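Everything on this sheet refers to the single structure shown next.
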Amino acid sequence: MSLPAEFHAIAKRVNNWGRWGTSDEIGTLNLITDQVVRDAAATVRTGHRVPLALPLQQDGVQTGAIPGRLNPVHAMIQINQELFGPPGGGTVATSDDIATLGLQAGTHWDALAHASHSGKLYNGRPADTITAHAGAGFGGIDKVRHVVSRGVLLDVARARGVDRLDGGHAVTPEDLDAAEELAGTRVRAGDIVLVRTGQIQAYLAGDKHGYTYPSPGLSIRTPEWFHARDVAAVANDTLTFEIFPPESEDLWMPVHALDLVEMGMPQGQNWNLEKLSTACGQENRYAFLLSATPEPFTGATGGPVAPVAIL
């Protein structure tokens with residue numbers, strides 16, 4: 001089934017293939033220059049740190065709606081075990097554990113290899129470079145070596161005067177404009193934008209299924225807004241990132257394809273932005289230093305992250 005003309009028109013306008021060379025695998029993260037990081041560091045005033053990750057736990061956000069994407073399963077493999085030295089010699093004992101989890105199960109970044117359309121990944125690479133044996137041969141999360149930049153919270157829910165957007169709300173460029181006005185700063189090249197909908201409140205209240213569906217999220221019109229401002233990456237507080245169910249019944253997950261494939265812009269999901277919203281509202285400033293480097297799993301199409309906003 002071919003993609004509709006509307007999708008192709010937007011894709012053409014936001015396409016970044018070849019912008020940083022034909023071998024580039026990190027896309028818009030190239031926009032985070034040394035100067036961008038220096039400017040980001042200058043936003044720190046109080047040193048107040050706000051963690052943005054959900055706990056990695058078996059009772060996580062996954063409900064089985066995405067096949068195979070497991071919540072973390074944690075097990076102990078050693079408990080107070082003396083591994084070295086003579087038996088009973090008073091040596092130090094250690095405890096170790098293991099975990100099995102979907103790499104996009106909790107708070108995470110999607111790698112550019114996470115989505116494809118029409119048989120292509122970002123930069124025009126063939127989608128079949130992803131294999132069962134090696135994973136992503138191009139654009140994997142391991143190519144993302146560091147993500148530190150100025151973060152800007154676009155608190156769409158607060159800008160609309162609500163605590164949480166309705167499940168059927170598609171976040172539009174007009175919503176982003178209103179949240180930018182509330183933030184009192186213009187989003188600029190190399191920024192990482194965090195879009196708050198308030199949807200994570202459902203999960204935090206114990207309603208995992210309500211968190212999953214229906215969900216507010218970014219509309220198909222938002223990639224052009226991010227492209228115009230040269231945003232480095234975008235994350236939000238939902239499971240699906242874009243509105244779900246989709247705006248059009250014949251076009252599922254179009255924002256993934258536009259952001260990751262056409263623009264080469266990483267996107268993040270399941271970020272807990274509630275405490276950050278409170279802190280930004282109290283301090284009346286919505287820009288901060290953001291540290292958000294994913295775990296570098298080789299060949300992975302996404303990776304867990306424990307982001308921290310420093311105000």
Side-chain angles (χ1 to χ4, degrees), residues 25-26 29 32 34 37 40-41 44 47-64 66-114 129-149 151 192 200 203-204 206 208 233 235 239 266 268-273 275-276 288-311:
E25 300 186 58
I26 62 170
L29 293 180
I32 304 177
D34 291 348
V37 176
V44 177
H48 178 49
R49 289 141 290 167
V50 184
L52 309 178
L54 295 174
L56 288 171
Q57 58 187 7
Q58 193 161 359
D59 190 22
V61 299
Q62 302 302 321
T63 63
I66 303 174
R69 189 178 284 187
L70 299 174
N71 284 315
V73 178
H74 174 250
M76 299 304 300
I77 58 173
Q78 295 176 26
I79 299 177
N80 298 322
Q81 185 173 349
E82 297 180 1
L83 294 179
F84 307 105
T91 57
V92 174
T94 59
S95 298
D96 268 18
D97 29 18
I98 61 172
T100 301
L101 72 159
L103 296 185
Q104 292 103 321
T107 305
H108 69 274
W109 284 117
D110 288 339
L112 301 189
H114 178 60
T129 55
I130 302 174
T131 66
H133 173 68
F138 177 87
I141 202 68
D142 53 302
K143 304 303 191 298
V144 180
R145 303 306 300 171
H146 38 71
V147 180
V148 178
S149 190
I192 298 172
I200 199 79
Y203 170 70
L204 297 176
K208 293 169 59 170
L239 182 78
Q269 288 115 280
N270 303 318
W271 290 43
N272 185 356
L273 304 178
K275 290 182 179 179
L276 181 62
F288 39 83
L289 178 64
L290 180 67
S291 176
T293 302
E295 294 294 334
F297 285 93
T298 300
T301 62
V305 61
V308 178
I310 304 111
L311 295 164

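This is a predicted model, so every value here is computed, not measured.
- Looking at L103 and E295, their side chains never come closer than 4.5 Å, going by heavy atoms from C-beta outward.
- V148 has its side chain within reach of L289: a pair of non-hydrogen atoms, C-beta onward, lies under 4.5 Å apart.
- With hydrogens and angles disregarded, a donor-acceptor distance shorter than 3.5 Å links the side chain of T293 to the backbone of V147.
- With a 4.5 Å cut-off on side-chain heavy atoms, L311 and V50 count as touching.
- Across every non-hydrogen atom of A53 and P307, the tightest pair is CB-CD, 3.8 Å.
- Scanning all heavy atoms of the two residues, the minimum distance from R145 to P296 falls at NH1-CB, 3.4 Å.
- At least one side-chain heavy atom of Q104 sits less than 4.5 Å from a side-chain heavy atom of T301.
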#### Entry: Evaluation steps, side-chain contact (heavy atoms from CB on, under 4.5 Å), between Y203 and L54
CA-CA 10 Å; Y203 170 70; L54 295 174; 4.0 Å; yes
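- Contact record, A292 with W109: O-NE1, 2.8 Å, taken as the closest heavy-atom pair.
- In this structure, P266 and L112 have side chains that are in contact, with non-hydrogen atoms separated by less than 4.5 Å.
- Counting all heavy atoms, side chain and backbone alike, L70 lies closest to A105 at O-CB, 3.1 Å.
- Around NE2 of H146, the count of heavy atoms belonging to other residues, nucleotides or ligands within 6.0 Å does not exceed 12.
- Just one residue in the list T107, V144, I141 forms a side-chain contact (heavy atoms from CB on, under 4.5 Å) with V305, and that residue is T107.
- Taking 4.5 Å as the limit, every side-chain heavy atom of N71 sits out of range of all side-chain heavy atoms of D59.
- Nearest heavy atom pair, residue G139 against residue A111, reads O-CB, 3.4 Å.
- Rounding to the nearest 0.5 Å places CD of Q58 at 10.0 Å from OG1 of T100.
- At least one side-chain heavy atom of L83 sits less than 4.5 Å from a side-chain heavy atom of Q78.
- Of the inter-residue distances, the one linking I310 atom CD1 with H48 atom NE2 reads 11.0 Å to the nearest 0.5 angstrom.
- Residues N270 and L239 are in side-chain contact: their nearest non-hydrogen atoms beyond the backbone lie under 4.5 Å apart.
- For H108, the ring pair (Phe, Tyr, Trp, His ring centres under 6.0 Å) test picks out no residue, with sequence neighbours left out.
- Side chain of K275 to main chain of L52: no donor-acceptor pair is present (N/O by atom type, distance under 3.5 Å, no hydrogens or angles).
- Sorted pairs that involve residues 133-144 and meet side chain to side chain donor-acceptor pair (under 3.5 Å), not counting sequence neighbours, are lacking altogether.
- With rounding to the nearest 0.5 angstrom, the CG atom of N80 is 4.0 Å from the OG atom of S95.
- Taking each heavy atom of A233 and L29 in turn, the nearest pair found is CB-CD2, 4.4 Å.
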